[in-house]
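We use all heavy atoms of the structure for the numbers below, so side chains are in, but hydrogens, waters and symmetry mates are not. Protein chains get the first letters and strands the later ones, always in sequence-line order, with residue 1 at the start of each.
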Amino acid sequence: MTLEEKLYNWFGYSSFRPGQKEIIEEIEKGKDVFAMLATGGGKSILYQLPAFTHASGLTLVVSPLISLMENQVQELKANGLKRVTSITSTLTFSEKQERMARLQEWRLLYVSPEMLNAPTFLERLKAQPIHLLVVDEAHCVSQWGHDFRPDYLDIGEKRLQLGSPPCLALTATATPTVREDILKHLHMDSKRTSLFCHSMNRPNIGLFVEHVQGEEDKKSRLLDIHSHFRGPMMIYTMSRMVAEELAVWLEEQTTVRVAAYHGGMEAQERLMIQQQFINGSLDVICCTSAFGMGINKPDVRCIIHYHIPADLESFVQEIGRAGRDGERAASIVLKAPYDEDRPEGMIYHTYPPVETIKHLLMMYVEDNQTAEQLLAAWDEEEELYGRQIVYALKRMGWFDSDDQLYTANIERMAAHLSKWVEERIANRLQKLAVMKKWLYATTCRREMLVKEFNETAGQNSECCDVCGAEWPEVAVKKDLKVSEKGWRDRLQQLLGE
DNA sequence: CGACAGAACCGTAAGGTTCTGTCGGTGCGTTACT
């Protein structure tokens, strides 16, 4: 059976999208593959097809968000592909046991890197031949792994323990440095890995940066932008509070249907807002970086950065959510003078101060605690610090087999940890510096952006403000809020006020 | 680390200056199988 026939029989598609077939062929040969494909470019079929059509074995997918896993599982099941599941913390203990007991039945299993790192789970998994290990959103290995979710850095080691199955790393955006980082941490041999890198450039998204004086200017520009674009928009801010305040303010000032979205909100509410935006019953989302992964809405016309992101990769990820339908769209950064220094505070805030490191190490010495006991002593706000430190210590090999810390040389450990923190901060400040440089670009912004990804810009229908481009004209839609309000009123009348 | 809001201070009062406290992103896991 040809690949096309398999595709039709199992998924009902009559042809592949550009680039898909070549990648699947490499996977079927058992090779390691790194694939950078534009979002919405059909990444999941790359491993789903081999997973179901291959004679035997399990395809293990490591995915960053539980909601993404659940979406995928639901979608496949709805298409009649039943031998797929996920194992996550949302399940009860017995549900987890039940799904693990049926490992040989599943063709496709979705898990988080943290779950993969759980010893009991890994032991069960080792008994099962793994046909392919997929790392979805692989940029998270580099972007989140080094401090926020350290388990990401262990996927490569777990891969070895699972008998080194072939590995497929998937992402939409990765700079050359991030790419190398991913290959290194997943133990993919760069000489023997097939690389498929489609351009990250999105020619239909115009790039604009506006240097404004302060909050008032930003807000008045928001109104201008809103009345120009009309269509669905996303507004990124750096704080949860600002996201909420902006949503309220826009609601008062305009007729737009708007909601806030950030990581501090209830999961159910987040899900609801996400769906309302996707199905068109919300026009604008004021959000933090929590919003976006897995959002595949074709007609987003404008991405506004009310605050600047801390690096260009995040920026590219975020603006990439505009214009998926190929129609004209825009990225607009509103930058006030002090904005460029804002992320710096956040970067420092992420890592434990040197005194904290020493304090933690002294606690180890005095109480002779294990890593787990020590982590339990940290309160929630400091949990991240505690985890970073414990993780760094583990990496440096300073725990014995009983999870006890070697306490021979605390001063030396503290020095090493401080150096590690300094390097992380320096690394992120460096990335921020590139972001700042881009904001002050005096030559074509697109050229500069794609150059960071080792590409050239080529033909673009929209360019940037430096090149003299204007906001793209987009089809003006009807004023949605008015009809929505009418609908609400009618419903209220039906319900008897 | 650093921006900002609000309180405290100065004092003819009013409004300006200084001080203090608060705020700042992304998510997973967490229980025990016979």
Which nucleotide in the list [options] gets nearest to the side chain of [X]?
| X | options | answer |
| --- | --- | --- |
| A/Thr88 | B/dG25, B/dG27, B/dG29 | B/dG29 |
| A/Arg342 | B/dG27, B/dC4, B/dC1 | B/dC4 |
| A/Met346 | B/dT26, B/dG24, B/dG2 | B/dG24 |
| A/Arg428 | B/dG27, B/dG2, B/dG25 | B/dG25 |
| A/Ser89 | B/dG29, B/dC28, B/dA3 | B/dG29 |
| A/Lys96 | B/dT26, B/dC1, B/dT31 | B/dT31 |
| A/Gln97 | B/dG25, B/dG29, B/dC33 | B/dC33 |

Need one value for [X]: base, sugar-phosphate or nothing, where a base atom within 4.0 Å counts as base even if backbone is also close, heavy atoms only.
| X | answer |
| --- | --- |
| A/Pro113 | nothing |
| A/Tyr348 | sugar-phosphate |
| A/Ile347 | nothing |
| A/Ser94 | nothing |
| A/Thr350 | base |

For [X] and [N], give me the distance from atom [atom1] to atom [atom2], rounded to whole Å.
| X | N | atom1 | atom2 | answer |
| --- | --- | --- | --- | --- |
| A/Asp136 | B/dG27 | CG | P | 16 Å |
| A/Asp311 | B/dG25 | CG | P | 16 Å |
| A/Ile308 | B/dG25 | CD1 | P | 15 Å |
| A/Tyr306 | B/dG24 | OH | P | 16 Å |
| A/Tyr152 | B/dT26 | OH | P | 16 Å |
| A/Met241 | B/dG21 | CE | C1' | 13 Å |
| A/Trp144 | B/dG29 | CH2 | P | 13 Å |
| A/Phe121 | B/dT30 | CZ | P | 11 Å |

Any strand: nucleotide that pairs with [N] via Watson-Crick or wobble, under 3.5 Å:
| N | result |
| --- | --- |
| B/dG24 | B/dC1 |
| B/dA32 | none |
| B/dT12 | none |
| B/dG6 | B/dC19 |

With a 4.0 Å cut-off, would you call [X] and [Y] a salt bridge?
| X | Y | answer |
| --- | --- | --- |
| A/Asp325 | A/Arg301 | yes |
| A/Lys297 | A/Asp299 | yes |
| A/Lys126 | A/Glu123 | yes |
| A/Arg240 | A/Glu244 | no |
| A/Arg445 | A/Asp465 | yes |

Task: side-chain N/O A/Arg270 vs B/dT26 OP1/OP2, d < 4.0 Å - done: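 For B/dT26, OP1/OP2 do not have a side-chain N/O of A/Arg270 under 4.0 Å.
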Open item on the list: Using OP1 and OP2 only, check whether a side-chain N or O of A/Ser112 sits under 4.0 Å from B/dG27.
Closed with: no
Write down the distance separating the [atom1] atoms in [N] and [M], rounded off to the nearest Å.
| N | M | atom1 | answer |
| --- | --- | --- | --- |
| B/dC4 | B/dG25 | P | 16 Å |
| B/dC19 | B/dG11 | P | 15 Å |
| B/dT30 | B/dT34 | C1' | 24 Å |

Open item on the list: Looking only at side-chain N and O atoms, does A/Asn427 offer a donor or acceptor that is under 3.5 Å from a partner on A/His146?
Closed with: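 No, because no side-chain N or O of A/His146 sits under 3.5 Å from a partner of the opposite role on A/Asn427.
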Task: B/dT26 pyrimidine/purine six-ring stacking with A/Phe148, under 5.5 Å and 30° - done: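 Here the ring of A/Phe148 and the base of B/dT26 are stacked, with centres under 5.5 Å and planes under 30°.
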Task: Closest-nucleotide 5' rank along DNA chain B - winner of A/Ser239 and A/Met115 - done: A/Ser239
Task: A/Phe315 and A/Trp438 aromatic ring geometry - parallel, tilted or perpendicular at 30°/60° bounds - done: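 Plane angle between 30° and 60°, so tilted.
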